[in-house]
Amino acid sequence: PVIPMSNKRIVTRAISAALLAGSCVFAGAQAPSLSSAPRGSAGELKAVQERLIAIYPETTITSVTASPIPGLYEIVMGRNVAYSDAQGRYLVFGHMIDGKERVNLTEKRLADSMRVEMSSLPLAKAIKVRQGNGTRQLVVFTDADCPFCRQIEPELEKLQDVTIYYFLMPLTQATPDKAVSIWCAKDRVAAWKLAINGKPIPSARCQAPIDEITALARRFGVQGTPTMVAPDGRVLAGYTAAADIDLFLQQAAPVAAQAK
């Protein structure tokens, strides 16, 4: 059901709850009248976005596009997608499915919005592990003390002909020192292998890019570890079996190596 609301504070809270819950339908406050611009035009989409921003100032509206349903607009809010009428009064959270083509349009948009440009990643500041001929590339945001990172490591080691770039992204107060020690070790790969397998490593200090990598990850919307990035920018988060990671890489367009 769609429940009308007039209180903007209640609506803002509802938006936050929907983003967390993943599926919710609700209505918002009154908005200015429609413009005379044709549906889907740049002017109209800009007007709808400005209208939404005015009604929901605490919500980050990344983009607005016309959906396949007349009168309904796709609203991207960071890493989340919702749908709205042109007035911004009715907001719908959930998945839009193209029944004829059997395509989940919401998932497709989410995947596109979560893409990370490989060229924007400072691969020289990652721990580089070459397996086989290393022709394929995979970026992994990881934490040596993350249980799921430890579980996925044997799966990553099964991959053939891949160069893995590990970006150290400690998630707890206990792990920044360990990440620094790994980066500053004489043999970073050896130190990484010891740490990810729960073994102690010697303490070491140097100028490590840990804070820079963590800030970069946050900017790209990486919220946890392990998070993997394919050469075409697609993102795969969480523990994943080797066969599925391999398929994830097979679906990526090949790109040239960007770091030695």
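What you see below is based on every heavy atom in this structure, not just the backbone, and it leaves out hydrogens, waters and symmetry mates.
Atom OG1 of Thr227 and atom CG of Asp143 lie 11.5 Å apart (nearest 0.5 Å). The line from CD1 of Ile201 to CZ of Arg188 is 12.5 Å long, rounded to the nearest 0.5 Å. Distance check, rounded to the nearest 0.5 Å: CD1 of Ile164 to CD1 of Ile245 gives 8.0 Å. For the atom pair Ile127 CD1 and Ile182 CD1, the distance stands at 6.0 Å (nearest 0.5 Å). Note that CZ of Arg234 is 10.5 Å distant from CE of Met118, once rounded to the nearest 0.5 Å.
By the side-chain hydrogen bond (donor to acceptor under 3.5 Å, both in side chains) test, Arg150 is found to be paired with Asp145, residues two or more places apart in sequence or in another chain being considered. In terms of the side chain to side chain contact (heavy atoms under 4.5 Å, CB included) criterion, residue partners of Leu247 (sequence neighbours excluded) are, by chain and number, Gln250, Gln251. For Lys125, the salt bridge (Lys or Arg N to Asp or Glu O under 4.0 Å) partners two or more places apart in sequence, or in a different chain, are Glu212. Partners of Leu105 under the side chain to side chain contact (heavy atoms under 4.5 Å, CB included) rule, at least two apart in sequence or in another chain, are Pro68, Met96, Asp98, Val103. Taking Trp192 as the reference, Tyr166 meet the ring-ring contact (aromatic ring centres under 6.0 Å, His included) condition, with sequence neighbours excluded. Residues passing the salt bridge (Lys or Arg N to Asp or Glu O under 4.0 Å) test with Arg205 are Asp177, sequence neighbours excluded. For Thr65, the side-chain hydrogen bond (donor to acceptor under 3.5 Å, both in side chains) partners are Glu74, not counting sequence neighbours. In this structure, the side-chain hydrogen bond (donor to acceptor under 3.5 Å, both in side chains) partners of Lys158, at least two apart in sequence or on a different chain, are Glu155. In this structure Glu157 satisfies the side-chain hydrogen bond (donor to acceptor under 3.5 Å, both in side chains) test together with Lys193, sequence neighbours excluded. Under the rule for a side chain to side chain contact (heavy atoms under 4.5 Å, CB included), Asp211 has no partner lying at least two apart in sequence or in another chain. Partners of Ala126 according to the side chain to side chain contact (heavy atoms under 4.5 Å, CB included) rule, which considers only residues two or more places apart in sequence or in another chain, are Tyr165, Phe167.
Side-chain contact between Leu91 and Leu52: present, with at least one pair of heavy atoms (C-beta onward) separated by less than 4.5 Å. The closest side-chain heavy-atom distance from Leu121 to Phe141 is below 4.5 Å. Using a 4.5 Å cut-off on side-chain heavy atoms (C-beta onward), Lys128 and Thr163 make contact. Using a 4.5 Å heavy-atom cutoff, the side chains of Val140 and Met228 are in contact. Leu236 places none of its side-chain heavy atoms less than 4.5 Å from the side chain of Asp244. Annotation: side chain of Val180 is not in contact with side chain of Leu168 (no heavy-atom distance under 4.5 Å). Proximity of Val48 to Ser84: side-chain heavy atoms (C-beta onward) are nowhere separated by under 4.5 Å. Using a 4.5 Å cut-off on side-chain heavy atoms (C-beta onward), Asp246 and Arg136 make contact.
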> Where do Asn80 and Phe93 land on the side-chain contact (heavy atoms from CB on, under 4.5 Å) test, with the steps shown first?
Replying inline: CA-CA 9 Å; Asn80 299 280; Phe93 287 83; 5.6 Å; no
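With Gln137 contributing its side chain and Pro231 its backbone, the two residues share no donor-acceptor pair below 3.5 Å. Asp161 places no side-chain N or O within 3.5 Å of a backbone atom of Gly132 that could act as its donor or acceptor partner. Checking side-chain atoms of Glu44 against main-chain N and O of Ala86 turns up no donor-acceptor pair under 3.5 Å. One N or O on the side chain of Tyr56 and one on the backbone of Gly88 form a donor-acceptor pair closer than 3.5 Å.
Counted within 6.0 Å of OH on Tyr83, heavy atoms from surrounding residues, nucleotides or ligands total more than 12; the atom is thus considered enclosed.
Every pair passing disulfide bond (SG atoms under 2.5 Å apart) that includes a residue from residues 178-240 is listed here, sequence neighbours excluded: Cys184-Cys206.
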